[in-house]
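Written out below as structure tokens is the structure these notes cover.
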2 protein chains.
Amino acid sequence: MTPILPDTIRPHDLDFSGLLCKRNRMRAATIKDVAHRAGVSTATVSRVLNNSGYFDPETARAVNEAVKTLDYRRNVHWKRLSSNSSETICFLLGNRDALNSMQVKMLMAAERELTDAGFDLVFAPFRYSPNTAPERLQLPRLIAQQGTVDGVILAGLHYENFLDALSNINLPYVVLGNTYIGHQDKIKTDALVYDDITGAYEATKYLLRLGHRRIAFVGDTNLPWFGRRYEGYRRALGENNIEEIRATEDWGVGYIEYGKLAASELLRDANPPTAVFAANDEIAGGVWKTLANRGIRIPEEISLMGFGDREDFSILEPSLTTVTVFQEKIGAELAGMLLRKLQNPEVPLDSRTFPCQIVERNSCAAPRSQKKLVLA
Amino acid sequence: MTPILPDTIRPHDLDFSGLLCKRNRMRAATIKDVAHRAGVSTATVSRVLNNSGYFDPETARAVNEAVKTLDYRRNVHWKRLSSNSSETICFLLGNRDALNSMQVKMLMAAERELTDAGFDLVFAPFRYSPNTAPERLQLPRLIAQQGTVDGVILAGLHYENFLDALSNINLPYVVLGNTYIGHQDKIKTDALVYDDITGAYEATKYLLRLGHRRIAFVGDTNLPWFGRRYEGYRRALGENNIEEIRATEDWGVGYIEYGKLAASELLRDANPPTAVFAANDEIAGGVWKTLANRGIRIPEEISLMGFGDREDFSILEPSLTTVTVFQEKIGAELAGMLLRKLQNPEVPLDSRTFPCQIVERNSCAAPRSQKKLVLA
DNA sequence: AAAAAATATGTAAATGTTTTCACACGCTTG
DNA sequence: CAAGCGTGTGAAAACATTTACATATTTTTT
């Protein structure tokens, strides 16, 4: 018995198994193939598949049979065309060359959430440099091209430069607000932030509780996200009338180098700090390097606290005590917010704050010979 | 003056501003509108927009002018439907929860390459566990669904389980072959490998050249990719008639923990090795932790060599000497191979080998009191 | 000067699905 | 028995875009 085939198929369009091919490549079954196999017209197949209009139950049976044997699946592009959605979300990264383990965690969590909801995740980094004129900034092609994505998650640095453009082309988006705070009033959109002020406050209190009085903050506070952590640090010190310790603000170098330089400077002091609170884990890593080079033991001689809980820094020995921002939760929640927004565009602006939490590991301990303070 | 409009437009298709509408709703400009306005055919517009085939620069000017005034943006889904391609490549990750900095580098490099060629990059992790029955393994929806992606890059672990499925649905793919070697003969596809046998051989020779005679290899050689590095290690030792040193093979733990346990075992020896060659950087990190805990100085007391050049391990102090596999080049080349394959499906199978290179940093030095060997 | 190649453009087919329209058949209603 | 209605079906249009092919013009080569 020869299989039923469309007229347009010629012998060389068939492969050994009788399935349709084209130029020797297997072709996916189309509605036409199904129609032929079921001995009906494409219109009827469409009616059966969409359960619209009239059709004989017996015909439906034949159609479904054909669908099954041919493994027919509706063409994705047609589906997207008729539903006017691409079922795709873009994760916009802050910079082409950077994707650290924190972003990776958010990305993976978001991916899971989106996949479960039937969406795909594309990602696009953009190039940004501070001396690019605003009008020359370009949205990634993928986003600028209408219809390619249904929404955007922004979780990197400098995305504020793209917010207007996104609004202009009317693309729903959600942002991780932390890299943008200080201009928070300008964010007229759904944003998620983690409360790093309180996180830094708690971290500093933790060091105070261990008995430290000379706690240095390392990080350029001109960066808003570090400025906030500095604020928490300062509040904790202020409540206990303890003087702050800072190194030079801005060296114009990367985080790790920054930490190295700052640590060197702090160690030049006749009375160096007994604990260092780094504005992020990368800076903590730099501090670490300098301490290791000088043979200063952590935490026996100096305690070190990071911020961010970047998984890749778990390699340090002893392991780094830090503050986690729950990257997975953030990633999943960003995706969730966007999905809700897509489902119901009229929903009011949504802005939520996630707590941070100290992760006690082994880089912090009581200072050697210093009695504990009575804390406020 | 009335604007030039397609013939098929009737009065009620126009809105107040003379723009086209339909059922009282504003209609977006189509390629036909542009063609009419520019006084050319839709084919020409398409050619100009896609920069394909021949066209007069003057015509192009007119078309672009029309595009601008009509604010025409082409419908992505129609384009994809017509050209029967999604302009999208999938980067298939080895596991839902893992995306290490090596993969990130390849991913970013591939992204750049693909974006430049007009493709988008989606990524999909799959869940894999050794006790999943082969017939229950599922391709990510994104890939299984016809037409969603044009090709796949496989660069993680365990992808061999998906190769048949990809062939069945006739989706072009390229693989990073290193995680699959041992079954290399089974790969009937375009594969790229980095030559880690030679890389490991060179790394071991480097340690020998420094004067080490007691060099331990740490890593489970049952894993094919470690087995190859072991092979290189052994060849270098064999050429110089030096005995190998191994720790227990399989602890059934993660890489870092593995490194820690192996180092502890090696240190129990009355005559411990003067150098350790770890099968990858993560294992090296574990070894590091144990050495650091015991207060053993690197490289003064023990030299440590990694493999892979994972950027996140640059945080170790002193920095880790390792073997780089040129992740960016690999990522870009994987993308390039796939693009070439898409352009010309008939091109013969392409399998190329990339060299590795030692990255001299600070974790290796001459052993303390041992005279240099004369090497073969 | 003829032939060949390169350039520029239009026509029409193809893409996969839904939808509109027309038509047939059989049944009910006046 | 004619008109009308409900049911089932197919042909063809419609959608926006690309692309294969044809044709016309210009330029280059012989």
Side-chain angles (χ1 to χ4, degrees), chain A residues 6-10 13 20 22-23 25 27-36 38-63 66-67 70 72-84 86 145-148, chain B residues 6-10 13 20 22-23 25 27-63 66-67 70 72-87 118 145-148 150 343:
Chain A
D7 317 304
T8 51
I9 301 300
R10 283 144 306 169
D13 281 331
L20 302 169
K22 197 177 180 180
R23 269 184 262 146
R25 281 197 53 208
R27 207 197 63 184
T30 72
I31 199 171
K32 267 192 187 172
D33 305 330
V34 175
H36 253 88
V40 296
S41 73
T42 61
T44 302
V45 175
S46 178
R47 274 188 289 260
V48 170
L49 263 36
N50 295 309
N51 197 24
S52 70
Y54 298 111
F55 53 84
D56 190 334
E58 188 53 31
T59 309
R61 210 197 46 71
V63 168
V67 164
L70 294 177
Y72 166 74
R73 269 163 291 176
R74 204 160 149 237
N75 181 294
V76 171
H77 302 307
W78 189 263
K79 191 162 123 199
R80 292 181 174 180
L81 187 58
S82 38
S83 67
N84 198 27
S86 59
Q145 200 173 55
Q146 214 176 34
T148 314
Chain B
D7 319 303
T8 52
I9 301 300
R10 284 143 306 170
D13 281 332
L20 303 168
K22 198 178 181 180
R23 272 181 257 145
R25 282 196 54 214
R27 208 197 65 181
T30 73
I31 198 170
K32 267 191 186 172
D33 305 331
V34 175
H36 251 89
R37 177 137 200 144
V40 296
S41 73
T42 60
T44 302
V45 175
S46 180
R47 274 188 289 260
V48 170
L49 262 37
N50 293 309
N51 195 26
S52 71
Y54 296 111
F55 52 85
D56 190 336
E58 188 54 31
T59 308
R61 211 199 44 71
V63 168
V67 165
L70 294 177
Y72 166 74
R73 270 163 291 176
R74 80 167 156 213
N75 185 307
V76 170
H77 302 308
W78 274 117
K79 179 197 160 77
R80 292 180 175 181
L81 184 61
S82 306
S83 61
N84 198 24
S85 82
S86 58
E87 311 166 295
Q145 203 171 53
Q146 285 275 353
T148 314
D150 292 342
Q343 273 190 335

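The chains referred to below are lettered A, B, ... by the order of the sequence lines, with proteins before strands, and numbering in each begins at 1. Bear in mind the structure is a predicted one, so any value in this text is a computation, not a measurement. Keep in mind that the numbers below use all heavy atoms, side chains included, and drop hydrogens, waters and symmetry copies.
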**OP:** Start with the C-alpha distance between B/Val34 and B/Leu49, add both sets of side-chain angles, then the distance that settles side chain to side chain contact (heavy atoms under 4.5 Å, CB included), and finish with yes or no.
**Re:** CA-CA 11 Å; B/Val34 175; B/Leu49 262 37; 6.0 Å; no

Original post:
Could you walk me through whether B/His36 and B/Asp33 pass the side chain to side chain contact (heavy atoms under 4.5 Å, CB included) check?
Top reply: CA-CA 5 Å; B/His36 251 89; B/Asp33 305 331; 5.8 Å; no

**OP:** Would you check, one step at a time, whether the test side chain to side chain contact (heavy atoms under 4.5 Å, CB included) holds for B/Leu81 with B/His77?
**Re:** CA-CA 6 Å; B/Leu81 184 61; B/His77 302 308; over 6 Å; no

Original post:
What's the verdict on side chain to side chain contact (heavy atoms under 4.5 Å, CB included) for A/Ile31 and A/Ser46, showing C-alpha distance, side-chain angles and the deciding distance?
Top reply: CA-CA 8 Å; A/Ile31 199 171; A/Ser46 178; 4.1 Å; yes

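With hydrogens and angles left out, the side-chain atoms of B/Asn50 and B/Arg74 include a donor and acceptor closer than 3.5 Å.
Projected onto DNA chain C by closest heavy-atom contact, B/Pro57 and B/Ser83 fall at different nucleotides, the more 5' of which corresponds to B/Pro57.
In this structure A/Ser52 satisfies the side-chain hydrogen bond (donor to acceptor under 3.5 Å, both in side chains) test with no other residue, sequence neighbours excluded.
In this structure, A/Asn75 atom CG and D/dA16 atom C1' are separated by 14 Å, rounded to whole Å. The separation between A/Lys32 atom NZ and D/dA11 atom C1' is 13 Å, rounded to whole Å. B/Arg80 has its CZ atom 18 Å from the C1' atom of D/dC15, to the nearest Å. Protein atom CG of B/Asn84 is 17 Å distant from nucleotide atom P of D/dT17, rounded to whole Å. In this structure, CG of B/Leu81 is placed 14 Å from C1' of D/dT19, rounded to the nearest angstrom. Residue B/Gln146 contributes atom CD, which lies 16 Å from atom C1' of C/dT17 at whole-angstrom precision.
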Between the protein and nucleotides 18-23 of chain C, are there any N/O to N/O pairs under 3.5 Å, and if so, what are the atom names and distances?
unit_1: C/dT18; atom_1: OP1; unit_2: A/Asn50; atom_2: ND2; d: 3.2
unit_1: C/dT18; atom_1: OP1; unit_2: A/Arg74; atom_2: NE; d: 3.3
unit_1: C/dT18; atom_1: OP2; unit_2: A/Ser46; atom_2: OG; d: 2.9

Protein-nucleic acid N or O pairs under 3.5 Å, nucleotides 3-7 of chain C:
unit_1: C/dT7; atom_1: OP2; unit_2: B/Tyr54; atom_2: OH; d: 3.0

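Residue-level contact check: B/Gly39 touches the backbone only, with heavy atoms under 4.0 Å from sugar-phosphate atoms and none from bases. Contacts of B/Ser41 with the nucleic acid, taken as non-hydrogen atoms under 4.0 Å apart, include base atoms.
The two atoms that bring A/Ala35 and A/Val45 nearest to each other are CA-CG2, 3.6 Å, heavy atoms only. Closest approach of B/Ser86 and B/Gly147 over heavy atoms only: CB-O, 3.2 Å. Annotation for B/Gln145 and A/Val76: closest pair CG-CG2, 3.4 Å, computed over non-hydrogen atoms.
Contact annotation: the side chain of B/Arg80 never approaches that of B/Asp150 to less than 4.5 Å [non-hydrogen atoms, C-beta and beyond].
Among the duplex regions that DNA chain C forms, those built from at least three successive Watson-Crick or G-U pairs under 3.5 Å are C:1-30 with D:1-30, ordered by first number.
Between atom CZ of residue A/Arg47 and atom OG1 of residue A/Thr42 there is a gap of 9.0 Å, rounded to the nearest 0.5 Å. Within the model, atoms NZ of A/Lys79 and CG of A/Asn75 stand 10.0 Å from one another, a figure rounded to the nearest 0.5 Å.
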Subject >> Under 4.0 Å protein heavy-atom contacts per nucleotide of nucleotides 22-28 of chain D, with B for base, S for backbone only and - for none >> reply: -------

May I have the list of side-chain donor-acceptor pairs in residues 53-62 of chain A shorter than 3.5 Å, sequence neighbours left out?
unit_1: A/Asp56; atom_1: OD1; unit_2: A/Glu58; atom_2: N; d: 2.9
unit_1: A/Glu58; atom_1: OE2; unit_2: A/Arg61; atom_2: NE; d: 3.3
unit_1: A/Glu58; atom_1: OE2; unit_2: A/Arg61; atom_2: NH2; d: 3.4

